Peer 1: 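My questions all concern the structure below.
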There are 2 protein chains.
Amino acid sequence: MADDERTRGAGRRPTVRDVARAAAVSPATVSNVLTGRRAVAPERAARVLAAVERLGYRPDPLAANLRSTRRAVLGVLVPELANPFFAELVEALERRARAAGWRLLVATSGEDRAEEPRAIEELVTWRPAGLVLVPVDDSFPARPIVERSGLPCVLVDRVPPGCEAFDSVAIDNPGAARAATARLLELGHRRILAVASTLAIANMRERVEGVAAAVTAAGARLDLLEAGAEAEPAAAAIAGKLDRSDPPTAIVALTTTLTLAALRALAETGRRVPADCALLGFDDHAWMQVARPAIAAVRQPIGELARLAFDRLRLRAGAEQPLPPCRVRLACDIAWRESIAGPPAPAPTGPSESPAAPPNRGRLNV
Amino acid sequence: MADDERTRGAGRRPTVRDVARAAAVSPATVSNVLTGRRAVAPERAARVLAAVERLGYRPDPLAANLRSTRRAVLGVLVPELANPFFAELVEALERRARAAGWRLLVATSGEDRAEEPRAIEELVTWRPAGLVLVPVDDSFPARPIVERSGLPCVLVDRVPPGCEAFDSVAIDNPGAARAATARLLELGHRRILAVASTLAIANMRERVEGVAAAVTAAGARLDLLEAGAEAEPAAAAIAGKLDRSDPPTAIVALTTTLTLAALRALAETGRRVPADCALLGFDDHAWMQVARPAIAAVRQPIGELARLAFDRLRLRAGAEQPLPPCRVRLACDIAWRESIAGPPAPAPTGPSESPAAPPNRGRLNV
DNA sequence: TTGAAAGCGCTAACAA
DNA sequence: TTGTTAGCGCTTTCAA
C-alpha cells in the first residue's frame, strides 16, 4: 500500500511541492504546518498531514538548514572518545539532543593543539546551532575561531582562565578534591601525593588546589607530580616518588589513566593498597568496583553535565537577545571503597569512623 | 589586514560569487578550482586561490551537499558510546574520516530495538554518503530503512544472519574463541564455562560456536550461560554456575561487562584467579593489564576494523556501478596474562610450555 | 490565513 | 577551457 503513491516519483523522494500538490495547498503552507512557525487552518493542516503520511514525506534537513537561520545540529568537539569520560559525555549529549530532535556532529582533537582549531573550523562550516567544546588545554587554540563564528558555545569540563565570557559547565573541581583529601587527612594521612597529568589544564590545577587547600589546612605535606597523560611514563614517575625515603601514604590520582598508572607503580614497588598506601582516583568506572581492592573515586555527574550544556545551548540558540554567560559548577559524589584506609605505621590521630561519604550532592552556581 | 575586504560584506560570509567577482572569473570556475572536478587554467586557478585566501572564503558544505550528489558525511550508528569498544570504533572512524575530509554524524540506539530504526531514519534524512552500522541484534530493525534508502552501508562487529548482501567488517569470532579455548584445554581444563550476553546477537553465537568447537574436539565439557547485558544479574548467574558441585575450572567471558561480572562472581564465591578458576575475556582494556591478576583477553583490532569499514564505504560511494558485497573477518591477537593457568586439582595432561600466543595476525576474507 | 515568488550557496548542465 | 543558466528542497519575504 501507498506504493502506488511512491512509485509515482520514480524512486524520487517526495518534496514539499509533492505534498503541497497532494494536499491542494501551497508549499509555504506545508512548511508552516510542519515547522509550526505560522498558524494554519485546522482542516488544511489535517490535509497536509495526511498527504505527508500517504507519500511518506521526510523533510530534508539540509535544504531546511540552508534556507533558514535556525538549525537543529550541534557541533561537539572532545579531545578523544577513547577516554570513557568523554565518550559518556557525548553519549549523554546525543541522547538529549535526539530527544529534542537535534543532531550531533562529533569531532575529536586527539588532545592535539594543532588539531583543535582545524576540527572546530570544519565543524563551524556546517553552521551548527551551537558548539559543545572541551578544549585541549588552557591555550584553547580554537578560541579565536569560535569567537569569530559568533556561535553559542558551552565549554565543558575544562574551562581555561580568561574564558569567563563563555558559558561553561564543569564539576566543582576544588571542592571535590578538597572533600576527598579531607577524608584522607581525617584518616591520619600526613604525606599525600597528588598526581596531575599537566598543570596546563585548568581542571587539573583546580583539583590540585583543592588537595592543597585541605592539606595546608591540616598542616600536612603535599607532594605534587605532573606526570603527563601517558600511562607508562606516569607509572615510572609515581614509582620514583614511592621509592624515596619518605614516601607518601596516600595518592590522589587526578585522571583515570593516572589511577591506573598509580596502581601499576604501587604494584611494581611492592606496595599493598591500602595497607601501605591509600589510593583515590578521579572518575569512576565499572572495573574500579570489581578491582581488589575496589578503588575509591570521585564520581562526576556526566549526565547532568550533558543536560545542562545542551539546555543552555538550546536556550541561547532560541534567544532573541544575547544572554549573559552562565558558569555552572556541579558538586560530586565520592565512591569510598577499599583502596582507602588509614596510614600504615603509627596511626597518629584521626577518628576511626567508618569511611562513609558525607552526602554532598547539589549544585553550585558560581 | 584583509579586514577591509571582509568588512565589505558587512559581516556576511563571502560566497562563491564574491570570490568569483574578486578573481574575475565565473562561480563555476571557483567551484571547479576548489573541488578539482574539472580542469582550470593554472593562472586563473591561482587567482581564485588568492581571492579565497584574501576573502577568507570557506565553502558551505550544506549548500554543496544539497546540490551535488556526492556528499562527504558518514552516518554512524552504534548501540552505545559508554561501551569503550564502540567509543574507540567511532573515534577510529572519525580520525580516518577527517583525514579524508569527511565528517561523521553519530547516533546511538541505546541497545534498543525500537530506537534503532528511528535513529537510522534521522541519519538517512541527512543524506550521508554512507552508513556504518552496528545493529542492536539479529532482528536488525533498521534493515528495511537502510535498504529502502539505497545508501552504501557497512555492518560492523555484529552481522545478523541473512545479511550476506551487506558489506561487513568484523573479527573472526569463531576463530578467536577457538584459539582462546584451545589454549585453556591445552592447559588441562575440562570444564569450561562460556558466558554470552544473549544468543540473539550473531557475534555472541559465533564466539560460542568457537568455544564449543574447541571443547568438542578435545572431548571436554562445555557449560553455556546466557547472562544478559547487565553486570549485576550476570554476576549472580555466573555465581550460580560456580556454586554447583562440579564447577567450571575456566571461564570465557564474551564481553567486557561479562568479564567484570565473572570477576565479581569469582570474588563473591571465594574463588581465586587463576588458582581456582582461569578467566579470559573478550576485548582488552587498560585496567586488565593493571588488575591483579592481570586479565587475559582477546584483542580486537579496532583501528583496522574502522579503516576497512571506511575505505569500503568510500569506495562504494565513489563507484559508478554497484559493487558485490564484501565480507571481511579479521584475526585477533590474544593477550595472555596471569588470569590464565592450568586447572586446580589433579592437572591431568597438557604440555607445560609457556603460555605464549601463537602469532595469528592476518586477514580472513570470507 | 494563504499563495506566489524569491532566494539560501552551491554545483551540474549546457552552450560558447 | 570557460561562462551562463538553472535548480537542489526548503523557508521566507511580500502581496493578496
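Model, not experiment: these values are computed from the prediction. Residue numbering restarts at 1 for every chain, and letters A, B, ... go by the order of the sequence lines.
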Peer 1: Going by modelled atom types, is there a donor-acceptor pair between the base of C/dG7 and the side chain of A/R67 at under 3.5 Å?
Peer 2: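 Yes, the side chain and the base share a sub-3.5 Å donor-acceptor pair.
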Peer 1: Closest to the A/P27 side chain: D/dT11, D/dC10, D/dT12?
Peer 2: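 Looking only at side-chain atoms, A/P27 lies closest to D/dT11.
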Peer 1: Answer yes or no: is there an ion pair linking B/R158 with B/E111, defined by an N-O contact shorter than 4.0 Å?
Peer 2: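 Looking at B/R158 and B/E111, the cut-off is met.
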Peer 1: Taking 4.0 Å as the cut-off, does a side-chain nitrogen or oxygen of B/S31 come that near to OP1 or OP2 on C/dT11?
Peer 2: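 For B/S31, the contact criterion (side-chain N or O under 4.0 Å from OP1 or OP2 of C/dT11) is met.
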Peer 1: In terms of side-chain heavy atoms, does A/S109 have a donor or acceptor partner in A/E115 at a distance below 3.5 Å?
Peer 2: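 A/E115 and A/S109 do not have a side-chain donor-acceptor pair below 3.5 Å.
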Peer 1: It should be established whether A/T29 places a side-chain nitrogen or oxygen under 4.0 Å from OP1 or OP2 of nucleotide C/dG3.
Peer 2: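 Yes, within the criterion.
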Peer 1: State whether A/R44 places a side-chain N or O below 4.0 Å from either non-bridging phosphate oxygen (OP1 or OP2) of C/dT2.
Peer 2: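 The answer is yes; a side-chain N or O of A/R44 sits under 4.0 Å from OP1 or OP2.
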Peer 1: Does the pair B/R327 and B/D167 meet the rule for a salt bridge (Lys or Arg N to Asp or Glu O under 4.0 Å), with working shown?
Peer 2: CA-CA 6 Å; B/R327 300 164 56 79; B/D167 287 335; over 6 Å; no
Peer 1: The side chain of B/R37 lies closest to which of these nucleotides: C/dA12, D/dG3, D/dG9?
Peer 2: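 For B/R37, the side-chain atoms sit closest to C/dA12.
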Peer 1: Would you please name every residue forming a side-chain contact (heavy atoms from CB on, under 4.5 Å) with B/A46, sequence neighbours left out?
Peer 2: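 None.
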Peer 1: Regarding B/V30, tell me which of base, sugar-phosphate or nothing describes its non-hydrogen contacts under 4.0 Å with the strands shown.
Peer 2: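 Contact class for B/V30: none.
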Peer 1: Within less than 4.0 Å of OP1 or OP2 of D/dT2, is there a side-chain N or O belonging to B/S26?
Peer 2: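 Checking D/dT2 against B/S26, no side-chain N or O comes under 4.0 Å of OP1 or OP2.
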Peer 1: If the cut-off is 4.0 Å, is A/S68 near the phosphate of D/dT11, judged by side-chain N/O to OP1 or OP2?
Peer 2: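 It does not, given that no N or O in the side chain of A/S68 lies less than 4.0 Å from OP1 or OP2 of D/dT11.
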Peer 1: Is a salt bridge present between B/R47 and B/E43, judged by a nitrogen-to-oxygen distance below 4.0 Å?
Peer 2: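 No salt bridge links B/R47 with B/E43.
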Peer 1: Would A/R307 and A/E304 pass as an ion pair if we require N to O under 4.0 Å?
Peer 2: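 Answer for the salt bridge query: yes.
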Peer 1: Pairs under 3.5 angstrom, nitrogen or oxygen only, protein versus nucleotides 13-16 of chain D, please.
Peer 2:
residue: D/dC14; atom: N4; partner: A/R38; partner atom: NH1; Å: 3.4

Peer 1: Using the closest heavy atom to pick a nucleotide of DNA chain D for each, name whichever of B/L66 or B/A41 lands nearer the 5' end.
Peer 2: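 Looking at DNA chain D, the more 5' nearest nucleotide goes with B/A41.
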Peer 1: Indicate, with a heavy-atom threshold strictly under 4.0 Å, whether A/P59 touches base, sugar-phosphate, or nothing.
Peer 2: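 Touches sugar-phosphate only.
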Peer 1: Between D/dG9, D/dT1, D/dG3, spot the one nearest the side chain of B/R127, thanks.
Peer 2: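 The nucleotide sitting nearest to the side chain is D/dG9.
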Peer 1: If you assign each of B/R17 and A/V25 to its closest nucleotide in DNA chain C, which residue comes earlier from the 5' end?
Peer 2: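 Residue closer to the 5' terminus by nearest nucleotide: A/V25.
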Peer 1: Only pairs under 3.5 Å count here: list side-chain donor-acceptor contacts from residues 85-92 of chain A, not counting sequence neighbours, and write none if there are none.
Peer 2:
residue: A/E91; atom: OE1; partner: B/L81; partner atom: N; Å: 2.8
residue: A/E91; atom: OE1; partner: B/A82; partner atom: N; Å: 2.5
residue: A/E91; atom: OE2; partner: A/R95; partner atom: NH2; Å: 3.3

